[in-house]
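Working notes, structure below.
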Amino acid sequence: MEAQHSIAGTALRLLQGDLTEARVDAVVNAANSSLMGGGGVDGALHRRGGPAIREACTTIRREQYPDGLPTGEAVTTTAGDLPARHVIHTVGPVWRGGGQGEAQTLANAYRHSLEQARAHGLRTVAFPSISTGAYGYPIDQAARVALTTVTDSLRRHAGAFDEVQFVLFSRADFDTYRQALEALG
Ligand code: ADP
């Protein structure tokens, strides 16, 4: 399954698939603040990428974020044995009903991930659906925030990226993102 749009010269692609297989400059990890791995897409990326990712995260924790990576921030590491070249780790918000700034924090996670990619000259980036697994963010609302934020960043930084993908794990998630993208026009 696939859908494609062009935003200010950058291809925006929605795919159904497994993020650990993405052959891109950077895959974005829906990490937790510890950066030490976890369940869901985080666990899958660490497993398939091997120990180099965890070692890089340990160094970042020690040198930059001894209290953990704050929600909405992002950092970049090697991708170890993954087909991608780098992993951008970001922490989405835990859903607490929507009145705790979740939308803003989720937008920050996407925006800061793309900022990391730009800072490292990474031109193809693949995202998962951040916060919609263990963190419980309703996916229709999360898809709207994700797509609005990413298309806005692509317009602000025209020419910075060749392609940005959303790799959705299930057919249902893919359909939700496709509908949200169509609704944006
Ligand atoms: P969070 O803690 O941010 O909610 P999760 O990893 O629990 O992160 O879930 C985020 C999304 O990633 C969910 O929609 C889940 O289905 C999806 N996901 C899990 N494994 C993969 C994978 N290998 N590739 C792409 N998406 C995945």
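All ligand and atom numbering here is 1-based and tracks the order in the structure. A quick note: this is a predicted structure, and the numbers were derived from the prediction, not measured.
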Separation between NE2 of His157 and CG of Leu114, rounded to the nearest 0.5 Å: 8.5 Å
Side chain, backbone, both or neither: the part of Asp173 lying under 4.0 Å from ligand 1 by heavy atom: side chain
Atoms in ligand 1 with a heavy atom of Ser129 nearer than 4.0 Å: 10 (C), 11 (C)
Qualifying residues under side chain to side chain donor-acceptor pair (under 3.5 Å), relative to Arg61, sequence neighbours excluded: none
Closest non-hydrogen atom pair, Val145 against Ala103: CG1-O, 3.7 Å
Closest non-hydrogen atom pair, Gly37 against Asp42: C-OD2, 3.4 Å
Close side-chain approach of Val87 to Leu82, heavy-atom, < 4.5 Å: yes
Shortest heavy-atom approach to atom 20 (N) of ligand 1 - which of Phe169, Tyr137, Tyr135, Phe127: Phe169
Per-atom contacts, ligand 1 versus Asp18 - under 4.0 Å to a heavy atom: 22 (C), 23 (N), 24 (N)
Numbered atoms and elements of ligand 1 in range of Ala30, under 4.0 angstrom, heavy atoms: 3 (O), 8 (O)
Minimum-distance protein heavy atom relative to atom 7 (O) of ligand 1: Ala134 N, 2.8 Å
Salt bridge (charged side-chain N to carboxylate O under 4.0 Å, His left out) partners for Glu163, two or more places apart: Arg13
Nearest candidate to atom 3 (O) of ligand 1, where distance is taken over non-hydrogen atoms, out of Ala142, Gly40, Ser131, Ala126: Ser131
